[in-house]
Every structure is written in C-alpha cells, then in structure tokens.
There are 2 protein chains.
Amino acid sequence: MTDPIRQNVSERAADSLVTILEQQINDGTLAVGQPLPPEREIMEVFAVSRTVVREAVQMLAARGLVESRPRFRPIVRKPGYEAAIETVGSSINRLLAMPGGVRSLFELRIMMEASLVRDAALHATKDHLTGMQRALADNEAMIDDSQRFYETDNAFHRILYEVPDNPALPQIHKAYTHWLSGHWLKMPRDAARNLTNYQAHSRIFESILMRDADAAETALREHLDAAWDQVRQTFGHQP
Amino acid sequence: MTDPIRQNVSERAADSLVTILEQQINDGTLAVGQPLPPEREIMEVFAVSRTVVREAVQMLAARGLVESRPRFRPIVRKPGYEAAIETVGSSINRLLAMPGGVRSLFELRIMMEASLVRDAALHATKDHLTGMQRALADNEAMIDDSQRFYETDNAFHRILYEVPDNPALPQIHKAYTHWLSGHWLKMPRDAARNLTNYQAHSRIFESILMRDADAAETALREHLDAAWDQVRQTFGHQP
DNA sequence: AAAAACAGTTTGGTATGACAAAAAAAGGCG
DNA sequence: CGCCTTTTTTTGTCATACCAAACTGTTTTT
C-alpha cells in the first residue's frame, strides 16, 4: 500500500552535484542567461569525473533549470512558473496521446475557466474590464482572418487568467493553448464559426459586466462545449 | 537484428535511443513492471556505448517512464496520469520554495475545488453521496485523533475529485495533498480545530445534498480560507 | 525442509583517457 | 572596424577499467 521506509540508499554523486548546482543557480552564483562553466571546469572544481558532470547537467536540463541544445553550452534559465510548466511537456504529450487524453485536458480547462469567469464576474477591476473590451473588439475585427482570430481568441481568454493575482495562472493558460493548439490549428475555421465564437465571448463579457456569475459561467460552458463539439466533429472520434 | 541507431545530425544519440525505448515501452516490448535489460545488453543491441545508454535511461527516468533507484535496475512504469504528475515534482518543489509559492498553489486548489463542489452539487450520483456520507462519518469519528483525522479529511475531499469522470482529477488531488502535506503536517492540530473542519465538511455535504451549488461553493471557500489562515498563523509570514 | 550464511557472478556507479566534429576564440587581412 | 581563416576549446561519443552493491545458486545451520 503506502510505501514503507524507503531511505537514503547511497545518493548518486550526480545527485549531489545537481543539488549544489541548483543552489548556485538559485543564489545567483550561476547567473541567469549565462552559460554553465565548461564540463572540465566543473569537473575539477568539484573533483568528480566528467561522467558525473554530464549526468548532473542532463538532470538540470530535464528539470528545466538550464536549457541545453546539442553541442552548445547549457544556459541557465530563470526558475519560475514558466520553466516549471515547460518541463511537464513530455508528460503532457504522452497524456494527450492516451485514449481520451485531449478530452480530459479540455475538461480540466473548462472546469478551471468556469471558476475563472465566476471570479471575474465578482472581482474584475476596471483595468481587466477595459482589457477584455479591447480584446473583444480585436476579436470582432478579425472574424474574417481565422489565424489572427485565433490569436485574439486566446488573448480574450488570457485576461480571465489574469484576474486572480496568481502568477501561475497565466502560465497555465499559455500551457493550455500550447498543448491544445496542435488540435486546434488543424480544424477548419471559417468566418461563420468565428462569428459564433465572437458572440459567445461577447455574451461572457456582458455577463461579467453585469456581475452575474451564474450567467457568465453558463455562457462560458456553452462556449467551450461548442468548441469541443467542433473538435470532435473535426476528428470524428473522441481523441 | 540490431537496429543501428539512425542519427540525424544535430540529434544526440541518446535522444534517438530514448525514442526507440519509449516506443518499446508503449508497444509492450518492454513490459510494465519489469526491469530494463542490463546496460551492457542494451549497449550491444543498439551498438552504442554505455555512456549513451546511461544518458538515455536517465532521460526515461526524468520523464517518468521508468523508476530508477541507485544501484537497481530501472523498472518500467505504466505510463499514465500518475507518472506524469509525479515527474512534475521537482518543478513544483521549486515553485513552493519561491515567495508566495505555497499561497499560489493553495489558491489554485481553492479555485479548482470551488468548481468541483459546484459540479458535485449538480451531478453527484447516489454512490458519490453515500461515499461522502461515509467519509464524513469517519471524519467525525476521528476528531480526537489528528493524524487519522487528516487522512479522513483527504478522503472527503478526494471524493469531490471523483465526481467528474476525469481520470486526471484524482491524480491532481493526490498531488495537491502530497505537495502541501509538508506544511500541513507541521501544523498544530487539536480536537477543536478538527471539529471546526468537520463542521465545515458537514456544511459542504449538506449543501451538495440540497443541490445548492452556491451554498456549496460558499461553504467550501470558507472552509479552505480558514484552513489557509491556519497555515498562515502557524508560519507567521506568507510562505 | 526451511532459513540463514556463504561464495561467485552480474550489474550499476564512477573514473580515466582518447578522438572527431562542432563551436568559440584568436589572429590576420582588407 | 568588419570579414575571413586558423587555432584552441569544448561537447558528444567511445572504450576500458575498477569497485561495491545487488543478484544467484550452493552450502551450512537450525
């Protein structure tokens, strides 16, 4: 059942090195944006073999603390929500490939945004409202340009993620759009469909203006459910 | 018949090997629960050096496809939501260490559960309701045993994550409790506080029974806000 | 016979040295 | 000063070696 006592089986040398480097990145000894020292330098500084250094660097890369391209020196990244969410990438892609994976992720998005519109209806500031108004206007202006419409569509939803002052939320939005864009961009988008979506956005915005959380949630659910239907019709099965 | 590793320029050999092994895991050539072949065997099968094999295995471990303990053979894991979420671990820990990190994560939890209780109020089946009732009874019975109370507390919340039929949600709940338990368990818990929490659960349950989504959300928010206050009072600052 | 102790074999973790190819740095030239 | 060529680093990969921990089969003990 619950794992008994699993404890310090001799830590690998690479793990120790990772811990040290991680700390040096956090306290700024290794500056963000700068490349890591050469492997041979790290090697002699910490008195370990290059094998260990390479494994440690690779771990840092896997955790998103450094960005490493083949043959280039790994570059220290700013630790933050962005890097954190990006490292989830490979896992998410695997989830999306599983049966019902896209559906599950989309449902999570609906659930989260349902909460967000309610929050927006109750707590959106004047700045948020004008931002949404602007995004809505851009949205309307781009009805005939499906590519740009998609961008303004995202812009509108993004504002919902900015209303609660939680630094993780905008990154989550970015993640959603990133992982779902693959399916999204393959869909046929015409002006009529764009118009429908614009009108849905419009209804959501008006409900938020009226501070009517129930109406806002209803409008959003209808909007996203319709969007899901579009996806499903495009792909025939339940991806 | 050894597939020689095709090496697109600019792609590391280890990456190619990872791709192959990943596929072998997916199609069952490498059975779930079984250990990977010895490094030296992989090495000769794919005609690469052990260095490359080790880097590939490490990558698989970082992606949660295999579970590797030092000095033991890596074991193939079932790819799924559980493994996926677990791989986020190191990133989340970094987020929690950031200023306001715990607060951000807790707010996400509140937001998500707010949506969940609304959903439960509208769509909970008889099974879910009886499950909640049972969890609630256990909860009441354990008011004097803070450790067990904590467990029944989790059990109650977990049911909320089971109402929508989304396989990712229970895993998310597990992740929340796992990452927040560090702070949670350090808090002083007495019978009075447990009683308060039990009563809050009780109110939530009753609201769900009455199919009153608004009341359920309100009760849940009060409950979790109070819980957050407990955390903040314990730690003095905003962790 | 089951359990414990033992010895020999495998296997992962680490170190060292080497080399080709790509990148970075240095130098030379216009 | 900027562009091109040459030299020096540096990474990616390989081969080899050693040790200690884990594994396996066998023997001894209970």
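Letters go in sequence order (proteins before strands), and every chain restarts at 1.
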Rounded distance (Å) that lies between atom C1' of D/dA22 and atom CZ of B/R69
11 Å
Which listed nucleotide (D/dT13, D/dG12, C/dG12) is nearest to the side chain of B/E55?
D/dT13
Would you find a donor on one side and an acceptor on the other, under 3.5 Å apart, between the side chain of A/N166 and the backbone of B/S104?
yes
Euclidean distance, atom CD of residue B/E39 to atom P of C/dT11 [Å, nearest integer]:
10 Å
Does a nitrogen or oxygen in the side chain of B/R71 sit under 4.0 Å from OP1 or OP2 of D/dA20?
no
Closest-nucleotide ordering on DNA chain D, the 5'-leading residue of A/P74 and B/M43
A/P74
Hey, could you give me the CG/CE distance between A/L160 and A/M112, rounded to the nearest 0.5 Å?
12.0 Å
Crowding at CZ, B/R148 (>12 non-hydrogen neighbours, <6.0 Å):
no
With sequence neighbours left out, write down each residue that passes ring-ring contact (aromatic ring centres under 6.0 Å, His included) with B/H223, or none if nothing qualifies.
B/H157, B/H201
Roughly how many Å is it from CD in A/E41 to P in D/dT8, rounded to a whole number?
20 Å
Starting at atom CG of B/L36, determine the distance to atom P of C/dG12, rounded to an integer number of angstrom.
9 Å
Neighbours of DNA chain D within residues 46-54 of chain A, by heavy-atom distance under 4.0 Å:
A/R50, A/R54
Please give, in whole Å, the distance from C/dG13 P to B/R73 CZ?
12 Å
May I ask you to verify if any side-chain N or O of A/R12 is less than 4.0 angstrom from the OP1 or OP2 atom of C/dG13?
yes
Given that A/A13 and A/F72 both sit by DNA chain C, which one's nearest nucleotide is further toward the 5' end?
A/A13
Is the number of heavy atoms from other residues, nucleotides or ligands under 6.0 Å of B/E151 CD greater than 12?
yes
Could you tell me the separation between the CD1 atom of B/I75 and the C1' atom of D/dC23, rounded to a whole number of Å?
14 Å
For a quick check, tell me whether the side chain of B/R40 and the base of C/dG12 share a donor-acceptor pair closer than 3.5 Å.
yes
Using modelled atom types only, decide if a donor and an acceptor are shared between the side chain of B/E67 and the backbone of B/A61 within a distance under 3.5 Å.
no
Between B/S115 (side chain) and A/M111 (backbone), is there a donor-acceptor pair under 3.5 Å?
yes
